[in-house]
Amino acid sequence: MRDLWKQWLIDLGWTQSVLLHIIDLGLVLGLTYMVLVIIGERRTLWMVRGFILLMLASVVSGRLELRLLNFVLEKLVVGCAVAIAVAYQSDFRRFLEQLGRGDLGHLWQPSRRAIAKPDSVIDEIVEAVKELSQNRIGALIVLETNGPIDDADFNSVGVQLNAEVSKELIQTIFHPKTPLHDGAALIRGSRLVAAAVILPLTARTASRQLGTRHRAAMGITERVPDNCICVVVSEETGSISFAEKGILNRPLTSSKLKELLEAKFSPPVEREAVAPSVLSWVRQVSSQGVAFVSRLLGISSSASHRNKK
């Protein structure tokens with residue numbers, strides 16, 4: 001009887017060890033998936049894989065007691081983690097904000113592709129920007145992508161319009177003699193929902209050549225990097241700029257702006273498949289792990305049954 005209990009405790013301890021390793025692996029895979037959801041771009045997938053390989057190499061070198069190699073790899077892992085956090089500071093800031101608000105559901109939702117806009121809406125925007133650029137009239141247009149922007153992300157929500165987008169309306173709003181020309185115009189889908197919206201300015205050091213409109217475009221696309229893009233027309237030079245995730249692409253021609261908008265709002269977006277593919281792989285690994293543990297438990301129970309006999 002004593003031998004039976006001893007064998008059962010040994011089997012139970014080994015099974016618990018396997019379960020703990022599986023849970024540990026699942027948590028690491030879950031954290032990796034969240035990082036991919038936050039970044040949301042396929043081109044960064046290889047960088048994340050390289051970072052994971054560095055961490056695995058550090059763990060292996062520690063287990064093998066390769067002290068010097070382990071020391072170098074640990075420092076390299078820390079340096080890479082800091083570099084990734086700096087490169088994607090706006091994304092990680094959004095992650096921390098959602099974590100602080102307890103909005104954990106969105107952390108597991110892959111980035112949705114930008115809501116498609118009719119070609120007529122893009123044409124109206126591009127034609128209006130072209131006219132404003134030629135006349136050197138300053139403009140700032142915010143286009144929502146994945147969903148509505150929270151009013152709390154604006155310094156002021158401006159004046160509500162809820163009108164159909166047209167080049168005449170956009171030109172009228174930004175004409176210097178109209179009351180609504182200061183601030184930004186907000187476009188949601190095919191509707192121009194508000195004008196004279198006051199945006200937050202970027203906290204980063206910007207070039208002296210960039211005015212308030214450019215810094216505001218950088219600021220709002222930093223605060224809500226996955227929910228909007230901005231188009232800016234300089235009042236001094238008439239140059240056209242395109243802001244996304246706090247980065248300005250300038251100067252642009254009207255044709256180049258049209259290409260960027262069409263690429264942004266077209267249905268197929270490459271980054272959409274990154275996180276879901278990882279999630280499906282995690283599900284396969286989890287199912288295989290559960291089946292493996294079930295077999296182990298079956299073997300353990302059958303061994304105990306034989307010992308009883």
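- Listed by chain and residue number, R213 satisfy the side-chain contact (heavy atoms from CB on, under 4.5 Å) test with E235 (two or more places apart in sequence, or in another chain).
- Atom OG1 of T221 is separated from atom CG of N227 by 12.0 Å, given to the nearest 0.5 angstrom.
- Counting all heavy atoms, side chain and backbone alike, A243 lies closest to L248 at CB-CD2, 3.6 Å.
- Counting only residues at least two apart or on different chains, no side-chain hydrogen bond (donor to acceptor under 3.5 Å, both in side chains) pair has a member in residues 127-140.
- Residue pairs meeting the salt bridge (Lys or Arg N to Asp or Glu O under 4.0 Å) criterion with at least one partner in residues 159-173, sequence neighbours excluded, are E164-R191.
- Considering only heavy atoms from C-beta on, L186 stays 4.5 Å or farther from V157 through its side chain.
- Between the T178 side chain and the T172 main chain, a donor and an acceptor come within less than 3.5 Å of each other.
- You'll find the side chain of K264 reaches within 4.5 Å of the side chain of T145, heavy atoms only.
- Taking both residues in full, the closest heavy atoms of L180 and A195 are given as CD1-CB, 4.0 Å, listed atom of the first, atom of the second, then distance.
- Atoms CD1 and OG, from I125 and S254 in turn, are 13.5 Å apart once rounded to the nearest 0.5 Å.
- In this structure, L210 CG and R250 CZ are separated by 5.0 Å, a value rounded to the nearest 0.5 Å.
- Summarising the geometry of I122 relative to K258, their closest heavy-atom pair is CG2-CG, 4.3 Å, with the distance given to 0.1 Å.
- Side chains of I220 and P200 form a contact here, defined as non-hydrogen atoms less than 4.5 Å apart.
- Nearest heavy atoms, I240 versus T253: CD1-C, 4.4 Å.
- Nearest heavy atom pair, residue A194 against residue Q160, reads CB-NE2, 3.9 Å.
- To the nearest 0.5 Å, atom CD of residue E74 and atom CG of residue N70 are 4.0 Å apart.
- V72 and L53 are assigned to two separate hydrophobic clusters, defined by single-linkage of ILVMFWY side chains at heavy-atom distances under 4.5 Å.
- When side chains are defined from C-beta on, V142 counts as touching I149, because their heavy atoms get closer than 4.5 Å.
- For residues 60-71, no pair satisfies salt bridge (Lys or Arg N to Asp or Glu O under 4.0 Å), with sequence neighbours left out.
- For T237, the side-chain hydrogen bond (donor to acceptor under 3.5 Å, both in side chains) partners are S234, S239, not counting sequence neighbours.
- Cluster membership check: I173 shares its hydrophobic cluster with V159, using side-chain heavy-atom separations under 4.5 Å among Ile, Leu, Val, Met, Phe, Trp and Tyr.
- In plain terms, the two heavy atoms of L140 and G183 that are nearest each other are CB-O, 4.1 Å.
- For K256, the salt bridge (Lys or Arg N to Asp or Glu O under 4.0 Å) partners are E259, not counting sequence neighbours.
- The hydrophobic clustering, which links ILVMFWY residues whose side-chain heavy atoms are closer than 4.5 Å, places L69 and V60 together.
- Side-chain heavy atoms closer than 4.5 Å link hydrophobic residues (I, L, V, M, F, W, Y) into clusters, and following such links, even through other members, never connects V59 to L66.
- The CD1 atom of I170 lies 4.5 Å from the CD1 atom of I187; values are rounded to the nearest 0.5 Å.
- Within the 4.5 Å cutoff, the side chain of L143 has heavy atoms near those of the F265 side chain.
- Atom SG of C80 and atom NZ of K75 lie 13.5 Å apart (nearest 0.5 Å).
- Evaluation of the side-chain contact (heavy atoms from CB on, under 4.5 Å) rule for A185 yields F174, L192 as partners, not counting sequence neighbours.
- Residues L257 and I247 fall into different hydrophobic clusters, defined by Ile, Leu, Val, Met, Phe, Trp and Tyr side chains chained together at heavy-atom separations under 4.5 Å.
- Partners of T212 according to the side-chain contact (heavy atoms from CB on, under 4.5 Å) rule, which considers only residues two or more places apart in sequence or in another chain, are L201.
- Within the 4.5 Å cutoff, side-chain heavy atoms of L73 are placed close to those of L54.
- The side-chain contact (heavy atoms from CB on, under 4.5 Å) test applied to L68 returns no partner, not counting sequence neighbours.
- In terms of modelled atom types and a separation under 3.5 Å, the side chain of R223 and the main chain of D153 share a donor-acceptor contact.
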